[in-house]
Structures are given as structure tokens and as C-alpha cells.
Amino acid sequence: NAGVTQTPKFQVLKTGQSMTLQCAQDMNHNSMYWYRQDPGMGLRLIYYSASEGTTDKGEVPNGYNVSRLNKREFSLRLESAAPSQTSVYFCASSENNEQYFGPGTRLTVT
Amino acid sequence: GESVGLHLPTLSVQEGDNSIINCAYSNSASDYFIWYKQESGKGPQFIIDIRSNMDKRQGQRVTVLLNKTVKHLSLQIAATQPGDSAVYFCAENPRTYKYIFGTGTRLKVLA
């Protein structure tokens, strides 16, 4: 039981490049989330998926897209990376309120 | 906007002492609260939660207190150990899918 896994752990992009952050959970949770964490700020919700096939915008969705591929996987895509997207990205899943987080992806956009 | 905040950005305690980390929340509709621990380079880890129909909840070496009158939440860690050094932050759930997270308090345990 690995919980929530994320790949990659680190990534450096140049402005304008695209990439997809992968997330998977093996706890059979319905809800999955993508957050970003920046210094001096609390976790901010980018996108949310209540169940397979559904996604909703969170607090800071601009510049991102998501795909809930199946119950296990929820990916986050940056189509054209910008320096403002330099951050640590966390995926989470939940059932009955308690959220479980992945180890994070540290993304730097130069 | 409504937010969850913490009073102390850094807390230093002697090993073996008790630690108290505080959090203020502003959304009176929130009915569920969580404390997380985040070690350097890792994702947040669930510590303990409490629902709004409770004032106190105890776990192993940790206690969460909820004061709805003043919208205040605290985390007490008994007999603080070096392994407790981390950033702690609270989160509230105002009866939606959206959680509101605080910025965090860094706990430093002094040997």
C-alpha cells in the first residue's frame, strides 16, 4: 500500500515548455486534489476531482489543466510554463474528510 | 477573504517539554479541522482532526483543542521529541470540498 505517489520529484522547465505531473493513489478514494505550496503561504487548491470523470477549478486554476484518467490517477498539466508556476506541487486524495498527501514535485521554471 | 492563520511562525522548545501551537480560523461555517505535520522535503502528514461538535480530542502524545467561541484551535504535543521538529499547520473545512490551510508554524526542538 503506497498511498499517494507523485512523479517526478524534481523538474526544471524553461518558460513556455509543457509538462504533466502524475499522481496515483491506491486507497480507492473518490476525491483527489492538486495543490501548490509557496513560501509564506498555505496550500492553495489548483483543481479538485470529486470522482472519476469530474473535475472542478480551485483557488488558482489559471495556467493548469487536469485529467482524472481513472479512479486511481489524477494528472496536472502545464501547457506553457511560466516563472510564476515555480512551486512545490502536492497531490492528495481523501475519503471522509481526511486527506492523504503525496511527497510533492518541486518545479522550477526559468 | 476568509483564511486560517497561525499566531507564531517559529516555536522553539526544550526536548521533553510540552509544545502548544495555535491557529485562528475565521469561517464560522467550518465544522471540521485538521492538524498536519510537514517535515522538510515531504508532504503534509495527518496528525489529528476534530469536528465542531467536540471541544477536545486526544491522540498519542497530541491533543487538539477547539474553542468555537473565539474561533481558535490549538495543538498540544506532550514531551516533545527531536522527531517532532517540523512545520505544523492547521486546516479547516467549511462544509465543502475545499480546505483552507494556514501558513504554518515551525517547531524547533532544542536538545
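FYI, side chains are in, hydrogens and waters are out, and symmetry mates aren't considered; it's all heavy atoms of this structure. Chain A is the first sequence line, chain B the second, and so forth, proteins listed ahead of strands; every chain is numbered from 1.
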Test side-chain contact (heavy atoms from CB on, under 4.5 Å) on Phe90(A) and Gln38(B) and set out the steps.
CA-CA 12 Å; Phe90(A) 288 102; Gln38(B) 188 174 19; 3.3 Å; yes
Going through the distances and angles, do Tyr48(A) and Lys98(B) end up as a side-chain contact (heavy atoms from CB on, under 4.5 Å)?
CA-CA 9 Å; Tyr48(A) 160 73; Lys98(B) 182 181 177 182; over 6 Å; no
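Here the straight-line distance linking atom OG1 of Thr103(B) with atom CG of Asp38(A) works out to 12.5 Å at 0.5 Å rounding.
Ring centroid separation for the pair Tyr35(A) and Phe101(B) comes in under the 6.0 Å cut-off. Checked against the 6.0 Å centroid criterion, the rings of Phe101(A) and Phe46(B) do not qualify as a close aromatic pair.
For CZ of Arg106(A), the number of neighbouring non-hydrogen atoms (other residues, nucleotides, ligands) closer than 6.0 Å is 12 at most.
Interface remark: Tyr33(A) contributes side-chain atoms only to the contact with chain B (heavy atom separation under 4.5 Å). For Gln37(A), the part lying near chain B is the side chain, with the backbone staying farther off; criterion is any non-hydrogen pair under 4.5 Å. Within the 4.5 angstrom heavy-atom criterion, no atom of Gln45(B) approaches chain A. For chain B, the nearby parts of Leu43(A) are the backbone and the side chain; heavy atoms of each come within less than 4.5 Å.
In the hydrophobic clustering of this structure, Leu78(A) does not group with Val88(A); members are Ile, Leu, Val, Met, Phe, Trp, Tyr whose side-chain heavy atoms approach within less than 4.5 Å, directly or through other members. Clustering ILVMFWY residues whenever any of their side-chain heavy atoms sit less than 4.5 angstrom apart, transitively, puts Leu65(B) in a cluster other than the one holding Tyr25(B).
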